[in-house]
Peer 1: 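After the structure tokens below, expect a handful of questions from me.
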Amino acid sequence: MTTPVASCVSDSVVTLDSVRESLVRQEDTIVFSLIERAKFPTNAPIYDHSLNSFPGFSGSFVESVVRETEAVQAKAGRYENPEENPFFPDNLPPSLVPHRNYTQFLHPAGASININKKVWDMYFTQLLPLFVAPGDDGNYAATASSDLGCLQALSRRIHYGKFVAEVKYRDAPHDYEPAIRSKDRDALMNLLTFKSVEDIVKMRVEKKAMTFGQEVNVNANGTSTTNGNYKVDPPIVGRLYEEWVMPLTKLVQVEYLLRRLD
Ligand SMILES: C=C(O[C@@H]1C=C(C(=O)O)C=C[C@H]1O)C(=O)O
């Protein structure tokens, strides 16, 4: 069984390169999860608060599926991992599986930052309408579960900003400390921003959306052809990263750094 990055590596080998490598791998998960969600049309009734068919729940169908799934995954130990953050942290059941000793890499004051409310709102109100076709095919359970896949992949990536911030701080504490002490958010944002890295991230995720989401056909003699159609429009994935994923990751970094000396 492989061990998650945050648990098995010693602190000394968590580097800016290794956290960036993890962010690159997480791009694959995000792009694939969007492709999976794009299989289904909007299926609007699952987002309607007045149509929930789950007994005992007042939110939408999708909210019920997320809450119930998070409860099962909490029992299976998912949220013991410092890389994972639930969307509905209140009243989650405790883990029932043997405790794993995760290395405490994050500074405790910032480890519990959770901006999933913003991730939820961004996903449902801004992103989803951009890449799913209108319509209703009745596949409500599968649609809600693919929404959850997207939400978890995005949340994990965005909250990974805590690890990025910790590495950046450890690499240059004297650069960050004055801005942390004066609670200067803009200065922190400038210190942790690498525009050239962001430009490459955006180009790479568009390329991944082209590569993973192309229609592949093979004819009888084994020659493959593509028809130029993509399951998720690549510029939308670029926009997702530029407008929401990277800014929210940086918000997590700033919030984390503001607590770094507590
Ligand atoms: C994550 C980092 O910090 C910032 C955020 C980035 C992102 O979310 O991809 C990219 C570059 C930086 O501006 C990083 O430096 O790698």
Side-chain angles (χ1 to χ4, degrees), residues 1-8 22 25-106 111-125 127-128 132 136-163 245 248 252:
M1 198 175 179
T2 55
T3 331
V5 171
S7 67
C8 66
S22 170
R25 182 62 182 84
Q26 291 181 55
E27 290 164 2
D28 303 359
T29 312
I30 290 174
V31 174
F32 280 123
S33 69
L34 299 177
I35 290 172
E36 283 306 288
R37 177 59 185 86
K39 265 195 318 208
F40 305 107
T42 307
N43 285 335
I46 71 171
Y47 310 114
D48 187 332
H49 285 231
S50 61
L51 290 180
N52 196 354
S53 47
F54 267 65
F57 276 107
S58 55
S60 64
F61 179 90
V62 78
E63 186 181 321
S64 306
V65 170
V66 173
R67 282 184 186 274
E68 293 273 285
T69 310
E70 286 196 334
V72 171
Q73 295 189 343
K75 288 192 218 167
R78 184 176 186 119
Y79 303 108
E80 302 282 292
N81 183 336
E83 294 178 22
E84 299 285 353
N85 296 271
F87 283 84
F88 298 103
D90 296 337
N91 306 318
L92 275 181
S95 168
L96 302 179
V97 298
H99 184 69
R100 240 191 144 116
N101 270 337
Y102 288 98
T103 305
Q104 194 184 327
F105 177 69
L106 298 178
S112 60
I113 289 166
N114 184 331
I115 64 159
N116 273 337
K117 174 88 182 66
K118 285 186 196 299
V119 177
W120 179 280
D121 291 343
M122 175 277 284
Y123 177 74
F124 287 115
T125 59
L127 178 61
L128 199 55
V132 295
D136 187 336
D137 69 358
N139 273 312
Y140 296 160
T143 304
S145 130
S146 62
D147 279 329
L148 176 58
C150 294
L151 286 167
Q152 287 181 327
L154 289 165
S155 169
R156 189 183 180 106
R157 196 290 179 194
I158 287 165
H159 289 92
Y160 211 73
K162 296 175 201 174
F163 291 86
V245 171
L248 289 174
V252 168

Peer 1: What heavy-atom pair brings G77 and S95 nearest, and what distance separates the two atoms?
Peer 2: CA-OG, 3.5 Å
Peer 1: Which label fits F105 and F163: parallel for a plane angle under 30°, tilted from 30 to 60°, or perpendicular past 60°?
Peer 2: parallel
Peer 1: Can you see which heavy atom on S33 is nearest to which on C150, and at what distance?
Peer 2: O-SG, 3.3 Å
Peer 1: Assess the residue pair E80 and R100 against the criterion (side-chain contact (heavy atoms from CB on, under 4.5 Å)); give the C-alpha distance rounded to whole Å, side-chain angles, the decisive distance to 0.1 Å, and a yes or no.
Peer 2: CA-CA 8 Å; E80 302 282 292; R100 240 191 144 116; 6.0 Å; no
Peer 1: Who are the side chain to side chain contact (heavy atoms under 4.5 Å, CB included) partners of E36, not counting sequence neighbours?
Peer 2: K39
Peer 1: Can we say R25 and D28 salt-bridge, meaning some charged N sits less than 4.0 Å from an Asp/Glu carboxylate O?
Peer 2: yes
Peer 1: I'd like to know if the side chain of E70 reaches the main chain of F87, judged simply by a donor and an acceptor atom lying under 3.5 Å from each other, with no hydrogens or angles considered.
Peer 2: yes
Peer 1: Could you list the residues that satisfy ring-ring contact (aromatic ring centres under 6.0 Å, His included) with Y79, not counting sequence neighbours?
Peer 2: none
Peer 1: Quick one: list whatever passes salt bridge (charged side-chain N to carboxylate O under 4.0 Å, His left out) with D136, sequence neighbours left out.
Peer 2: none
Peer 1: Any side-chain heavy atom of Y102 sitting closer than 4.5 Å to one from N81?
Peer 2: yes
Peer 1: Partners of R37 by salt bridge (charged side-chain N to carboxylate O under 4.0 Å, His left out), sequence neighbours excluded?
Peer 2: D147
Peer 1: Using the side-chain contact (heavy atoms from CB on, under 4.5 Å) rule, take L151 and W120 through it: C-alpha gap first, then chi angles, then the decisive distance, then the call.
Peer 2: CA-CA 7 Å; L151 286 167; W120 179 280; 3.8 Å; yes
Peer 1: When rounded to the nearest 0.5 angstrom, what distance separates CG in N116 from CD1 in I158?
Peer 2: 8.0 Å
Peer 1: Distance-only, no hydrogens or angles: does the N114 side chain make a donor-acceptor pair with backbone N or O of P86 under 3.5 Å?
Peer 2: yes
Peer 1: Working note: V252 + L248, criterion side-chain contact (heavy atoms from CB on, under 4.5 Å); need CA distance, chi angles, decisive distance, verdict.
Peer 2: CA-CA 6 Å; V252 168; L248 289 174; 5.8 Å; no
Peer 1: For E27, what residues pass the salt bridge (charged side-chain N to carboxylate O under 4.0 Å, His left out) criterion, not counting sequence neighbours?
Peer 2: R204, K208
Peer 1: Work out which heavy atom in L51 is nearest to a heavy atom in P45; give both atom names and the distance.
Peer 2: CD1-CB, 3.8 Å
Peer 1: Working to the nearest 0.5 angstrom, can you tell me the gap between T143 OG1 and I46 CD1?
Peer 2: 5.0 Å
Peer 1: Can a donor-acceptor pair be found, under 3.5 Å and without considering hydrogens, that links the side chain of K162 to the backbone of L106?
Peer 2: no
Peer 1: Rounded to the nearest 0.5 Å, how far does CG of L34 lie from CG of L128?
Peer 2: 9.5 Å
Peer 1: Apply side chain to side chain contact (heavy atoms under 4.5 Å, CB included) to V65 and list each qualifying residue two or more places apart in sequence or on a separate chain.
Peer 2: F54, F61, T69, A144
Peer 1: Taking atom types as modelled, find out whether S155 and N85 have a side-chain donor-acceptor pair closer than 3.5 angstrom.
Peer 2: no
Peer 1: Using only atom types and a distance under 3.5 Å, with no angle test, would you say the side chain of H159 pairs donor to acceptor with the backbone of S112?
Peer 2: no
Peer 1: For the residue pair K75 and P93, what are the closest heavy atoms and their distance?
Peer 2: CG-CG, 3.8 Å
Peer 1: Under 3.5 Å, is there a donor-acceptor pair between the side chain of Q73 and the main chain of R78?
Peer 2: no
